[in-house]
Structure formats: structure tokens, C-alpha cells
Asker: 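Sharing a structure, written as C-alpha cells. Questions coming.
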Protein chains: 2
Amino acid sequence: MGKGHDSMLTAAIAPTASYEWMMTMERRRRVSLSDVARAAGVSTSAASFALNSRPGVSDTVRERVKEAAVQLGYVPWVSGVALRTGRSGAVGLLIRNLRNPFFLDVINGFDATCAEAGLGVVIGSADYTPSRESELLSTFIAREVDGLALAPIGGGSAASRWHDATAKPIVFINAAQHAPDIDASRVHVDSEGAVRQAVKHLVGLGHSRIALVAAPKEHSADNERTGCFLALQGELAFEARTISSEMRHDRAVEVLTNVLEESSETRPTGIITSSDYLATAVYSAASDVGLRVGVDVSVVGHDDLATSRFLSPSLTSIAVDRYGLGVAAARALIHQLGGAGTSTVVVPTTLIARQSSCPPPT
Amino acid sequence: MGKGHDSMLTAAIAPTASYEWMMTMERRRRVSLSDVARAAGVSTSAASFALNSRPGVSDTVRERVKEAAVQLGYVPWVSGVALRTGRSGAVGLLIRNLRNPFFLDVINGFDATCAEAGLGVVIGSADYTPSRESELLSTFIAREVDGLALAPIGGGSAASRWHDATAKPIVFINAAQHAPDIDASRVHVDSEGAVRQAVKHLVGLGHSRIALVAAPKEHSADNERTGCFLALQGELAFEARTISSEMRHDRAVEVLTNVLEESSETRPTGIITSSDYLATAVYSAASDVGLRVGVDVSVVGHDDLATSRFLSPSLTSIAVDRYGLGVAAARALIHQLGGAGTSTVVVPTTLIARQSSCPPPT
DNA sequence: GTGAAAGCGCTAACAG
DNA sequence: CTGTTAGCGCTTTCAC
């Protein structure tokens, strides 16, 4: 589809690939169910029943069919099944972005768990763009993925569109408050607990001006973090301030440089980020304005990436089982596919104190 | 399929999902091509031709059909197309493992490029296990992905099976010498150049006993690296040694600890790893045996991860455009899908000297 | 307990 | 230029 000038339009209609290649390509003969049936000397329907372990075929036939299937190396052709049943045996994983190493482990856990269950994984990155998220959603629907794991950006439109169009299972990753009207499983880091741990740690060290770096509201589900952070002022003695920044490293450095350039009376002495990845942006910004992390300014990251303990200074961070998060998301989806209801999993966090956090300069 | 005792067998036959869920699930009515055709008042074939920008329909009809499609929010149902044409509009990405952050950027570039072309991405991690690789390959074939990007492990069996079964495009990622008999695109880091740069750097600093950490032969395509490394002895004055280690961080630390425990007369003074990720294993091992990286032992990593310059000591590393690698792989695949022949892209590397490499102790 | 047949959504050959 | 039709591989009634 879409050659030349009208490609934009057709893209809007059909966000599928637009090659006209290989029209001529020999199409390899594939081993079909009827081949298996013929080899076993039974009808296709009998073969189908046999392989799907359904009642209605004798044990001898069942045996013979299975043998033939193995012999021929038969693998059920997904498009046939999907067309007939509406099930593709794959699930979609729609992630906010693919730049933060955080998601690598999530993907890994998700993928491994799905693989174990025989489920394929179709992946997509919204890249923090709502339109991209929406587009990907369309392709996931069109591919008839059986379930969706969504780390959403923006409002709940993607989730409700998915729900309306498919009525299939969905699990939210790290979006506890997202689209509350939708019956979804929810798997997320205990971000409130994490913020509490970070603030307590810094207040315990003596800090009184603490800043939280958060993504702009429309880009993430950082609202809980921010809300909890501000609420903590009622409980602990410190002055809270939020720094709104895009998640891109270079942009974050700019914003943070501006903050750290303020006079030592107003600038925060402790900074809490939502990722270790962003924490290194504080390192860069501090270095740019001549401040020393772990001396002049304290930093608490989030994720405890493998390399964080080797940073200079080593980074105080909130550790979270990212792989486990991916596993939990996959499990929630698989349970729903098995007919169970939705569930919620909150993954706990642990603060790992290192050299980037210290008492504030006096 | 597969309930209870026979699930193993059916799994072998059909590595597809085995839920019997939602048999009862209402199947949402979907907007089909015939709906569009009806709305536009033409036949389905006319609608198909119109949307696929093929000759054989009048412009007015074409216009009317497209309008109707947009109106109804029509998205072509992939399984229908795939069943009919053998093309799914998706490509498979089969990666060695999902633990090394290296691949995150590769995935990112790959995904973004495919997305631009309207291609879906099905992902899978072989997790360094040949059987897993083979299994995933089966599901990719069964899903009729239109092309395969493969970072292979072990022999070329996966590649040749893909080729035999599908005759569809394939691109090798970081496996220059892999399966030379297969007509594949090849996209890879200039690993020989990288090894050369690393060795030259260390020799230039005065090192004479240099070790290269490489994966066991059957797990990776590190052969070129090793070969080139050993060959360099003819050209530069140094003693080469290879350390074979699994890629898992904890296992690597063990192996490296053993090496660094050797006496200062025999142990290498410079160590070259195949990833920054593994380089931190040297940091750990050195710390375990009381040696200082950047003083007692020099380390050169590979990948220049975002956090590497913040490591303590900052890590000398070979920078490589990982995102670009993913883009190149996707492009090679897309070109082949467009009917072009196979191609080879070698991604160059740059050595970034930092504090982890220094003159050897005297 | 078994087989024949319909039809999921789509495209491509063919007839009008 | 347009419409009818067959059939991709599979599951699932429905008759036997």
C-alpha cells in the first residue's frame, strides 16, 4: 500500500508495512494440519482435536496424529489459528521508551515468562509520544495480540480504546492510578514507599531543602511520586520543591544546571531523581557548575543499575527488582488469559546508601 | 492444547500458547474490508485494490473507499493478510540475551526504524541457549514474520533452518563470519578494529602482558576478536592471553578473580573485555583481590555505556553507535524486503581513553 | 467416534 | 474498469 504521494493517507488508514516486494517470491510449501491428517490417515478435524487434546477422538488416533505431527515437524500456522479464533498466541508490550536501561530488565523478565508459557512477545516503544502510542496500539489490535502490557503515557485513552476494541486482558506497568475505571491488572513499583525512603534518608542526614525531579505530568505517571513527596512535608521537616524535566538526558542536564546555579541559600541540597539514568544528569550538571556530588549536593537515584555502585561518587539509589516487575506483569496477563480476574502487584523498594548522599554543606 | 501430562509432547509439536481461556469470550465485531466496501458501495476486491494503491479502480472509487476506511477506522486484519499472502508485516528480532544493556539501544534503533516502515517487531531472547534459539525460530516461522534479524549463538543451524523453511530475508547482527554459505545481510561492529585499537592503546601505554576476555566459542561470535587479538602479536610487542568466561556477571567475576590472584609476574597488566558490562566484573574482581583498577591493572571496556564515564575510575572504552547498529540492521532487512540484495555494514568504533587505563606498574 | 463442510478476513485470478 | 469467486490453515458445528 501507499506508494508515493498518498502514503501519508494510507498510513493513517493502515499502519501496516507497505512493501510490494516479493510478489514473485516463491512461497514455500508449508506443512499444514491436513498434511498431518493425511499422513495419519484421518480427517483434518480429527487431527485438530487430537493435537488440541480435546475429547472426541480415540486414543489410538490421537497417538498416531501426534506421531505424524512430530515426524513432519508440524507447527500450527499462527495466522490460520488467529483468523479462526481471534487468538494469536502473542501478547503486546507497549513501553514508554526504550532508552532507559530500566526497561531492559523488565523486558527480559516479561519475555522469559511469556516464553515459558509459549506466548510470543510483540514489542513497541511509544517514545514518549502519544500519537506513537496510539499507532502502536492499532497495530497490536490488528495483530490480534491476546493481551497487552502497557506502560502508558498521557491519559487513559490507549487503555480504554484497547478495552473497547478487544475486551482482552490488559496490565498496567508502573501506572497505579492510571485509568481507574478500567478493569486492569496493575503491576508497579511502590513509588510512594520509594519517595518516602529517599526523603527520610536525606532528612535523616540533615537536609532541609530537597528537590524531586519529575517528568512533565503528561509524559509519565509520576503524579503519585510528586503527590507523596509534597505530602511528606506534613510529616517531616523539610522544604519540598519539584523540578519538572523531560526524560532526555541532555535536556535534563540543562534544567538541572539552571537549578544548581542558584545561590547556596536557595538551591536544594538534596536531589531525588526517578532513575539512576537521570541521576547521572545531576552529576553532569553539578560538574558543569563546579559543585561536587556527595559533598556540595546529595543525589538519590532510583533503579540501582548494575553500574551505579561503580559511579564516582557511588550512587545512593533505590533498588527495585526490575526483572521481577516484568515477570509479575507477564504473570498477571497470563492469569487473566487463563480466565482469572485482574490482580495488583506492588514491587517493594530498598534504599542502598552510598557516597552520593551525605550531610548537607554547613 | 496440552493439558496435564501430555503438555510436554504437544509443546514439542506446537510451541504456541496453551491456554483454553476465553473460549466463551465474546468476540468483538471487527471492522472488515467488506464493511468498508459496503459503506463505499463497491465490491470487496475493488476496496482491496483501492486501499492497496493498485491499478484497476477509478479515482473516484479509490477516493470513496479511502474515505469510508477512515470513517470506519478500518485497520487491515493482519491474520487475514498473512494467511492469504504469507506476509505478516512484522519482522523478528532474535537476540543472544537481554541482560547486556548493549542490546537495549540496538533494539531501540531497530524498533524505531521498523516502526517508521510500518513493520511490527516480534522479539525473542535466546538467553545463550541453543534450544531456546531453535524454539524461538520455530515460532517466528509459524508467525510468518517477513524477515529475521539474528544475533546468533552456536553454529549456523538457526540461519539455515530459517532459510530453508522460508527463503525470506535475514540479517546477521554482530556475526560477520557466521554461516558464510548463507546469503544474508551482515551488520556488525568492526570488532577487529576495536581489538586493534584497544591493544594499540595498551601497548602504547607500555603494557606487555595483555588479556582478552572472550565468551566460550559456542556462545558467541567472538572468534574474530580472539583471532585478531592473537594475530596482533606478530605486529606489536606484547604477550597475548585469552580468558574464557561466561557472560554472566557473577561467573565472570569468579574467573577474573582467579586470574588476578596470580603473581604480579604472570598476571596480565591490561585486560580487554567485550563489554563495559563485563568490565565492571574486572572492577569487582580487582576489588576482591585488593588491586586498584587504573593503577595496578588497566581495563579497556567495549560499548561506552552512558554510565561508564561516571564509573570509578572512569572506564576507558570502545565507543560504538549501538542505536545506529540497530538502525542498520533494520534497514538492511527493509531493503531486502523491498527486493534489494543483501548488504554488509560495518559499524566503526572509537576508543575513549579514561582513567581505567594507565601505564603498567613497574 | 469420525468426517464433511462452513467460514474467519483477505487477495488475486478471472469473468463480465 | 468492476464484481464474483476461490482459497490461504485452521477450528467447530453438524450430520453420519
Side-chain angles (χ1 to χ4, degrees), chain A residues 1 13-14 16-17 20 22-25 27-38 40-65 69 72 74-89 141-144, chain B residues 1 13-14 16-17 20 22-25 27-38 40-65 69 72 74-89 141-144:
Chain A
M1 29 203 91
I13 298 172
T16 31
E20 35 220 81
M22 313 226 148
M23 294 296 189
T24 67
M25 194 184 76
R27 197 155 151 199
R28 285 279 203 273
R29 167 107 193 89
R30 23 194 196 191
V31 183
S32 74
L33 183 58
S34 47
D35 294 329
V36 175
R38 199 173 321 113
V42 297
S43 72
T44 20
S45 55
S48 173
F49 275 61
L51 291 177
N52 290 323
S53 302
R54 297 175 97 78
V57 280
S58 66
D59 281 5
T60 37
V61 166
R62 195 182 299 281
E63 206 48 52
R64 220 162 1 125
V65 170
L72 297 173
Y74 168 71
V75 175
W77 235 242
V78 173
S79 51
V81 180
L83 186 54
R84 188 59 235 250
T85 65
R87 279 176 258 137
S88 65
I141 294 173
R143 298 213 126 79
E144 291 169 295
Chain B
M1 33 203 88
I13 297 173
T16 32
E20 36 220 80
M22 313 222 148
M23 294 296 187
T24 69
M25 196 185 74
R27 199 158 150 196
R28 286 279 203 274
R29 168 109 189 87
R30 21 192 196 192
V31 184
S32 73
L33 183 58
S34 47
D35 294 329
V36 175
R38 199 174 321 115
V42 297
S43 73
T44 22
S45 57
S48 174
F49 273 57
L51 292 178
N52 291 323
S53 302
R54 298 176 96 80
V57 280
S58 67
D59 281 3
T60 39
V61 165
R62 195 183 299 280
E63 208 44 55
R64 221 164 357 125
V65 169
L72 296 172
Y74 168 72
V75 175
W77 234 244
V78 173
S79 50
V81 180
L83 186 55
R84 187 60 236 250
T85 64
R87 281 177 256 135
S88 65
I141 294 173
R143 297 212 125 81
E144 292 168 292

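Throughout, protein chains are lettered first and strands after them, A, B, ... in sequence-line order, and every chain is numbered starting at 1. All figures in this text were calculated on a predicted structure; none of them were measured in a lab.
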Asker: Evaluate B:Val75 against A:Ile141 for side chain to side chain contact (heavy atoms under 4.5 Å, CB included), listing each step before the verdict.
Answerer: CA-CA 9 Å; B:Val75 175; A:Ile141 294 173; over 6 Å; no
Asker: Quick one: on DNA chain D, does B:Gly80 or B:Val61 contact a more 5' nucleotide (nearest heavy atom)?
Answerer: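 Between the two, 5'-proximity favours B:Val61.
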Asker: In whole angstroms, how far is the P atom of D:dT11 from the CZ atom of A:Arg54?
Answerer: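 Distance check: A:Arg54 CZ to D:dT11 P gives 9 Å.
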Asker: Working to the nearest 0.5 angstrom, can you tell me the gap between A:Arg54 CZ and A:Ser48 OG?
Answerer: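 The distance works out to 7.5 Å.
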Asker: Checking A:Ser43 now: which residues fulfil side chain to side chain contact (heavy atoms under 4.5 Å, CB included) with it, not counting sequence neighbours?
Answerer: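 By the side chain to side chain contact (heavy atoms under 4.5 Å, CB included) rule, A:Ser43 matches A:Ser45, A:Ala46.
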Asker: Find the distance between OG1 (B:Thr60) and CD (B:Glu63) and round it off to the nearest 0.5 Å.
Answerer: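 Answer for the OG1-CD pair, B:Thr60 versus B:Glu63, is 9.0 Å.
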Asker: Could you state the interatomic distance from CZ (A:Arg143) to OG (B:Ser88), rounded to the nearest 0.5 Å?
Answerer: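 It comes to 5.5 Å.
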Asker: Which nucleotide wins on minimum distance to the side chain of B:Val42, given the candidates D:dG3, D:dG9, D:dT11?
Answerer: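 Side chain of B:Val42 sits closest to D:dG3.
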Asker: Could you check how far CD1 of A:Ile141 sits from P of C:dG9, rounded to whole Å?
Answerer: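 Interatomic distance, CD1 of A:Ile141 to P of C:dG9: 15 Å.
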Asker: Provide, to the nearest angstrom, the distance between the CG atom belonging to B:Leu83 and the P atom belonging to C:dT11.
Answerer: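 Rounding to the nearest Å, CG of B:Leu83 and P of C:dT11 are 11 Å apart.
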Asker: Compare the minimum distances between each of D:dT2, D:dC10, D:dC8 and the side chain of A:Val81, then state the nucleotide with the smallest one.
Answerer: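 The nucleotide sitting nearest to the side chain is D:dC10.
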Asker: Applying side-chain hydrogen bond (donor to acceptor under 3.5 Å, both in side chains), can you list everything that pairs with B:Thr44, at least two apart in sequence or on another chain?
Answerer: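 Checked B:Thr44 against side-chain hydrogen bond (donor to acceptor under 3.5 Å, both in side chains); zero matches.
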Asker: Which nucleotide in the list C:dT11, D:dG9, D:dC1 gets nearest to the side chain of B:Leu33?
Answerer: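 Nearest listed nucleotide: C:dT11.
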Asker: CD of A:Glu144 to CZ of A:Arg87: how many Å apart, nearest 0.5 Å?
Answerer: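 Answer rounded to 0.5 Å: 11.0 Å.
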Asker: Taking atom P of D:dT11 as reference, at what distance in whole Å does atom CG of A:Leu51 sit?
Answerer: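 Whole-Å distance recorded here is 8 Å.
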Asker: So A:Val57 and A:Val42, side chain to side chain contact (heavy atoms under 4.5 Å, CB included) or not? Walk me through it.
Answerer: CA-CA 10 Å; A:Val57 280; A:Val42 297; over 6 Å; no
Asker: Output yes when at least one side-chain N/O atom of B:Ser58 is less than 4.0 Å from OP1 or OP2 of D:dT2, else no.
Answerer: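 For B:Ser58, the contact criterion (side-chain N or O under 4.0 Å from OP1 or OP2 of D:dT2) is met.
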Asker: At their closest point, which heavy atom of B:Ala47 faces which heavy atom of B:Ala37, and how far apart are they?
Answerer: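 Minimum heavy-atom contact is CB-CB, 3.9 Å.
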Asker: Would you indicate which nucleotide in D:dT2, C:dG9, C:dT2 comes nearest to any side-chain atom of A:Val57?
Answerer: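 Selected nucleotide: C:dT2.
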Asker: Rounded off to whole Å, could you give me the CZ-to-C1' distance for the A:Arg64 and C:dG1 pair?
Answerer: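 These atoms are roughly 13 Å apart.
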Asker: Each nucleotide N or O in nucleotides 4-6 of chain C that has a protein N or O under 3.5 Å away: list the pair and distance.
Answerer:
unit_1 : atom_1 : unit_2  : atom_2 : d
C:dA4  : N6     : A:Ser45 : OG     : 3.3

Asker: Could you check how far CZ of B:Phe49 sits from P of D:dT2, rounded to whole Å?
Answerer: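 One finds 12 Å between P of D:dT2 and CZ of B:Phe49, rounded.
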Asker: Quick check for you: to the nearest 0.5 Å, what is the distance between A:Arg38 atom CZ and A:Ser32 atom OG?
Answerer: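 It comes to 6.5 Å.
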Asker: Nearest whole Å is fine: how far is D:dC1 P from B:Arg62 CZ?
Answerer: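 One finds 10 Å between P of D:dC1 and CZ of B:Arg62, rounded.
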Asker: Rounded off to whole Å, could you give me the CZ-to-C1' distance for the B:Arg38 and C:dG9 pair?
Answerer: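 It works out to 13 Å between those atoms.
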Asker: Would you say D:dT11 has OP1 or OP2 under 4.0 Å from some side-chain N or O of A:Ser48?
Answerer: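 True: A:Ser48 side-chain N/O within range (under 4.0 Å) of D:dT11 OP1/OP2.
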Asker: Roughly how bent is the helix from C:dG1-D:dC16 to C:dG16-D:dC1 end to end, in steps of 10 degrees, with each end axis from five pairs?
Answerer: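 Nearest ten degrees gives 50° for this helix.
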